[in-house]
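No hydrogens, no waters, no symmetry mates; every other heavy atom, side chains included, goes into these values. Protein chains get the first letters and strands the later ones, always in sequence-line order, with residue 1 at the start of each. These numbers come from a predicted model, not from an experiment.
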2 protein chains.
Amino acid sequence: MTTEENIINAAKEVFVRKGFQGAKMQEIANEAGINKALLHYYFRSKEKLFEQIFSGAFQQLIPTLSKKLDETTDLETFIRFFVPFYTNFIQKNPHLPQFIINELSQNPDRIRNLAATKVFPFPKLSRMITQAVAENKIRPIENEQLIINILALIIFPIVAKPMIEGVIFNQNAESYQNFMAKRSDEVIETILNSIKPQKN
Amino acid sequence: MTTEENIINAAKEVFVRKGFQGAKMQEIANEAGINKALLHYYFRSKEKLFEQIFSGAFQQLIPTLSKKLDETTDLETFIRFFVPFYTNFIQKNPHLPQFIINELSQNPDRIRNLAATKVFPFPKLSRMITQAVAENKIRPIENEQLIINILALIIFPIVAKPMIEGVIFNQNAESYQNFMAKRSDEVIETILNSIKPQKN
DNA sequence: GTCTATAAGGTGATAGAC
DNA sequence: GTCTATCACCTTATAGAC
């Protein structure tokens, strides 16, 4: 592993754990097993380092999703694919959504350009929902409400992990893991039930 | 308004906007229209000031909820009360959940004692759900899954506001407000639909 | 490329005048 | 109670030897 890759991995870890302000160059250097000066040798400043890390974070995610959306026409099929797929991605990058939310609310300009199109392929899914409603396959619901419902059910339990472990599971990490193992199926069932067409 | 109240209001604002690390005593002083020294005169340290702020944040919330839970036996009735009530509280304190989540994941010890019992009256609601399942009033679902579903649908759109405004609504603040105005009803409908007993 | 040393500026906290 | 001035420390960034 090159020094540069080494730094990137260390920085990703620290940035995402501490946020931009909380992350210290010294801590990144320690984590990478080098010294501060070398950080500035490879990446002129903390800002530059940050941008490099962040712009790469979502690059694995969006192409896959867009492709799947192009191949799929049925909303239920897409949801059954999307929920475990996105859950899995976020479980592998558990601090990422919280990090994005934090940075967007503290310094929107820093990552707005980066985040705008890379977080979620919104328009395609939106059209799919509109169509499903028009065809009476699901109950009437606004695109945005349904999309936020899905994202909320997936993302919240991961972002709020420390809160949930503390308040709901009394600091019991095993209970939380147990809970998360069943989460994906539960979200699918919750979503599909919630949009079933109403009986007349 | 006394200087002390002044400081508390300013500090609440800044802490919740920037997190513990990001909040600077100078910024709090500016926001309060005084100087740094006076902060330390009233509250010995940044830590002390922080504790004072935080421990007061939830004190209005929990008593009301507990009382309502004692008065209510029907789950649907409670949900119809709880969703708009909690939504309203969080809209008035929009940065609070994000703040708690952040601080819990960055320095759990700092607020664990404060947060543990004050965020949510979990056990009472849990028993109510167990009973509703046993009586076939709702489909089989684990208490924790349902409670997290409810909290997720309420809290996420507020915590993730900057992300949603950016990605879903193209920086259009009015669209977001419009979305939030309908949110409470939508959450109730989503939740109640999602737990309807299954047909045989 | 990698290091040590240090500059330049910020941050929490205190001393002391009024 | 409120202020100015200042201390001690920390953080980013750079200079310069190897």
Side-chain angles (χ1 to χ4, degrees), chain A residues 1-57 95 99 102-111 114, chain B residues 1-57 95 99 102-111 114:
Chain A
M1 186 155 59
T2 69
T3 301
E4 186 165 345
E5 291 171 329
N6 215 342
I7 294 175
I8 291 205
N9 286 336
K12 193 185 292 185
E13 183 96 3
V14 177
F15 271 130
V16 136
R17 197 167 57 213
K18 300 288 183 73
F20 184 79
Q21 296 248 31
K24 306 302 174 192
M25 294 299 261
Q26 185 60 60
E27 189 175 349
I28 295 173
N30 292 345
E31 187 104 6
I34 54 158
N35 64 23
K36 276 190 300 178
L38 213 51
L39 290 182
H40 289 91
Y41 174 79
Y42 280 96
F43 309 85
R44 244 167 47 86
S45 70
K46 190 181 177 182
E47 286 272 350
K48 297 275 184 197
L49 175 57
F50 175 89
E51 282 176 30
Q52 196 100 348
I53 304 298
F54 188 84
S55 62
H95 295 282
F99 176 71
N102 283 340
E103 297 302 323
L104 270 175
S105 62
Q106 283 173 28
N107 191 344
D109 298 331
R110 184 179 289 131
I111 63 169
L114 298 169
Chain B
M1 189 156 59
T2 69
T3 302
E4 185 165 345
E5 291 170 330
N6 215 344
I7 294 175
I8 291 205
N9 286 335
K12 194 185 293 185
E13 183 97 3
V14 176
F15 271 130
V16 135
R17 197 167 59 214
K18 299 288 182 74
F20 184 80
Q21 296 246 30
K24 306 301 176 194
M25 295 298 264
Q26 184 60 63
E27 189 176 349
I28 295 173
N30 292 345
E31 187 102 7
I34 54 156
N35 63 23
K36 274 192 302 179
L38 213 51
L39 290 182
H40 289 91
Y41 174 80
Y42 279 96
F43 309 85
R44 242 166 49 86
S45 69
K46 191 181 177 184
E47 286 274 351
K48 298 273 184 198
L49 175 56
F50 175 89
E51 282 174 32
Q52 195 99 350
I53 304 298
F54 188 86
S55 62
H95 296 281
F99 176 72
N102 284 340
E103 296 303 322
L104 270 175
S105 61
Q106 283 173 29
N107 191 342
D109 297 331
R110 184 179 290 130
I111 63 169
L114 298 170

Distance in angstrom units between A/Phe50 CZ and D/dA13 P, rounded: 14 Å
Of all residues at least two apart in sequence or in a different chain, which pass the side-chain hydrogen bond (donor to acceptor under 3.5 Å, both in side chains) check with B/Asn35? none
B/Thr3 side-chain N/O to D/dT2 phosphate OP1/OP2 under 4.0 Å: yes
Considering just the side-chain nitrogens and oxygens of A/His40, establish if one lies under 4.0 Å of OP1 or OP2 belonging to D/dT14. no
When the distance from CD of A/Gln26 to C1' of D/dC9 is rounded to whole Å, what number comes out? 14 Å
For nucleotides 3-6 of chain C, which of its nitrogen or oxygen atoms have a protein nitrogen or oxygen under 3.5 Å away, and what is each distance?
unit_1	atom_1	unit_2	atom_2	d
C/dC3	O5'	A/Asn35	ND2	3.2

Round to a whole Å and report the spacing from CE of B/Met25 to P of C/dG10. 18 Å
When rounded to whole Å, the CZ to P distance for the pair A/Arg44 and D/dA15 reads 12 Å
Between atom CG in B/Leu49 and atom P in C/dT11, what is the gap in whole Å? 16 Å
Can you give each donor-acceptor pair under 3.5 Å made by side-chain atoms of residues 11-20 of chain A, sequence neighbours left out, with the distance rounded to 0.1 Å?
unit_1	atom_1	unit_2	atom_2	d
A/Arg17	NH2	A/Glu27	OE2	3.0
A/Lys18	NZ	A/Glu27	OE1	3.1
A/Lys18	NZ	A/Glu27	OE2	3.2

When we call it a touch if two heavy atoms are under 4.0 Å apart, what does A/Ala23 touch: a base, just sugar-phosphate, or nothing? sugar-phosphate
Nearest whole Å is fine: how far is D/dT2 P from B/Tyr41 OH? 8 Å
For B/Tyr42 and D/dG1, what is the distance between atoms OH and P respectively, to the nearest whole Å? 5 Å
Can you give me the closest heavy-atom contact between A/Ile8 and A/Ile53, atom names plus distance? O-CD1, 3.5 Å
Qualifying residues under side-chain hydrogen bond (donor to acceptor under 3.5 Å, both in side chains), relative to A/Gln52, sequence neighbours excluded: none
A/Ile34 versus A/Asn6: any side-chain heavy-atom pair under 4.5 Å? no
Using whole Å, report how far CD of B/Gln21 lies from P of C/dG10. 18 Å
side-chain hydrogen bond (donor to acceptor under 3.5 Å, both in side chains) with B/Glu4: which residues, sequence neighbours excluded? none
Could you note down all residue pairs passing salt bridge (Lys or Arg N to Asp or Glu O under 4.0 Å) where residues 36-47 of chain B supplies at least one of them, sequence neighbours left out? B/Glu47-B/Arg110
